S.K.: 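Just dropping this structure here.
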Amino acid sequence: IPKELQLEKEECNDTEPVQDNIILDTIEVTGENIHNTDVLEVYFQGVKSGGGREKEVELIKHTDNGVVHVKFASTEDAAAVMAQEKHIFMNKKINIRFLPAPVPKEYAKDMLLLKDIPDSIDEEFFVLFVENKLGMDDGKDF
């Protein structure tokens with residue numbers, strides 16, 4: 001694996017290896033003829049997709065905008081595919097890149113949003129319940 005593709009991992013959402021806002025085990029594929037999931041899986045598992053070795057594909061997902069996400073069993077498998085300069089799939093060039101990591105949602109740190117609270121709930125019970133869940137058993141009011 002080329003040195004520039006050997007990236008140190010840091011965890012995002014406790015599941016995806018992420019660095020520099022890319023997910024390191026998943027690639028995004030665009031181009032023509034990328035609709036057949038089975039054939040795509042065979043291509044990316046094979047030696048011809050990069051790295052000179054077989055790779056393990058865990059998941060292939062089509063998005064609404066015609067893009068395909070290919071998740072590999074390891075970051076090394078994804079890096080091997082990314083290291084290959086050109087990809088030809090079903091006699092057409094396809095474009096690949098690491099999948100950009102989703103932008104984390106920003107939340108107000110001093111607010112708590114509670115949804116779907118029934119109108120019939122007793123206010124005193126509700127306040128006690130929230131205080132208990134927030135660990136406010138020290139006499140402070142919510």
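A quick note: this is a predicted structure, and the numbers were derived from the prediction, not measured.
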S.K.: Taking all non-hydrogen atoms of both residues into account, name the closest pair between Phe126 and Ile117 and its distance.
M.R.: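 Heavy atoms only, the tightest pair is CE1-CD1, 3.7 Å.
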
S.K.: With heavy-atom distances below 4.5 Å as the criterion, would you say the side chains of Thr63 and Val68 are in contact?
M.R.: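 A side-chain contact is absent here, since even the closest heavy-atom pair is not under 4.5 Å.
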
S.K.: NE2 of His69 to CD1 of Ile23: how many Å apart, nearest 0.5 Å?
M.R.: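 These two atoms lie 8.5 Å from each other.
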
S.K.: Is the closest side-chain heavy-atom distance between Leu24 and Ile22 below 4.5 Å?
M.R.: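 Yes, side chains in contact.
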
S.K.: Answer yes if Val130 and Phe125 sit in the same cluster of Ile, Leu, Val, Met, Phe, Trp and Tyr residues linked by side chain heavy atoms under 4.5 Å apart, and no otherwise.
M.R.: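 Yes, Val130 connects to Phe125 through the hydrophobic network.
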
S.K.: Check the hydrophobic clustering (I, L, V, M, F, W, Y; side-chain heavy atoms under 4.5 Å; chains of links allowed) and say if Ile27 and Ile60 are grouped together.
M.R.: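 Yes.
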
S.K.: Which atom pair, heavy atoms only, marks the closest approach of Ile94 to Val29?
M.R.: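 Looking at all heavy atoms of both residues, the closest pair is CD1-CG1, 4.0 Å.
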
S.K.: Between atom OH of Tyr43 and atom CE of Met90, what is the distance when rounded to the nearest 0.5 Å?
M.R.: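 Going from the OH atom of Tyr43 to the CE atom of Met90 covers 12.5 Å.
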
S.K.: Roughly how far apart are Glu28 CD and Lys61 NZ, rounded to 0.5 Å?
M.R.: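 Reported value, rounded in 0.5 Å steps: 12.0 Å.
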
S.K.: Let me confirm one number: the NZ-NZ distance from Lys93 to Lys86, rounded to the nearest 0.5 Å.
M.R.: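 Going from the NZ atom of Lys93 to the NZ atom of Lys86 covers 7.5 Å.
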
S.K.: Below 4.5 Å, heavy atoms only, C-beta onward: do Val39 and Phe89 meet side chain to side chain?
M.R.: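 Touching, per the 4.5 Å side-chain cut-off.
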
S.K.: Are more than 12 heavy atoms, taken from residues, nucleotides or ligands other than Asn65, located less than 6.0 Å from that residue's CG atom?
M.R.: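 Check passes, neighbour count above 12.
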
S.K.: Working to the nearest 0.5 angstrom, can you tell me the gap between Lys55 NZ and Gln45 CD?
M.R.: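 These two atoms lie 9.0 Å from each other.
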
S.K.: Does atom CG of Asp122 have more than 12 heavy-atom neighbours, drawn from other residues, nucleotides or ligands, at distances under 6.0 Å?
M.R.: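 Check passes, neighbour count above 12.
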
S.K.: Show your working on side chain to side chain contact (heavy atoms under 4.5 Å, CB included) between Asp77 and Glu56 and close with a plain yes or no.
M.R.: CA-CA 7 Å; Asp77 285 349; Glu56 186 177 343; 4.0 Å; yes

S.K.: If you apply the rule side chain to side chain contact (heavy atoms under 4.5 Å, CB included), what do you find for Val70 with Leu40, and how did you get there?
M.R.: CA-CA 9 Å; Val70 180; Leu40 265 176; 5.5 Å; no

S.K.: Would you compute the distance between atom CZ of Phe72 and atom CD of Glu58 and round it to the nearest 0.5 angstrom?
M.R.: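 It comes to 10.5 Å.
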
S.K.: If we ignore hydrogens and angles and just use 3.5 Å, is the side chain of Asn21 paired with the main-chain N or O of Ala101 as donor and acceptor?
M.R.: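 No, the answer is negative, given that no donor and acceptor are paired below the 3.5 Å cut-off.
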
S.K.: Taking C-beta and beyond as the side chain, do Val47 and Arg53 meet within less than 4.5 Å on heavy atoms?
M.R.: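 Of all side-chain heavy-atom pairs linking Arg53 with Val47, none is under 4.5 Å.
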
S.K.: Do you know which two heavy atoms are closest between Ser49 and Phe44, and how far apart they sit?
M.R.: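 Nearest heavy atoms, Ser49 then Phe44: OG-O, 3.1 Å.
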
S.K.: Ignoring hydrogens and geometry beyond distance, is a side-chain donor-acceptor pair present between His62 and Thr37 at under 3.5 Å?
M.R.: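 Their side chains do contain a donor-acceptor pair, which is all the 3.5 Å distance test asks for.
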
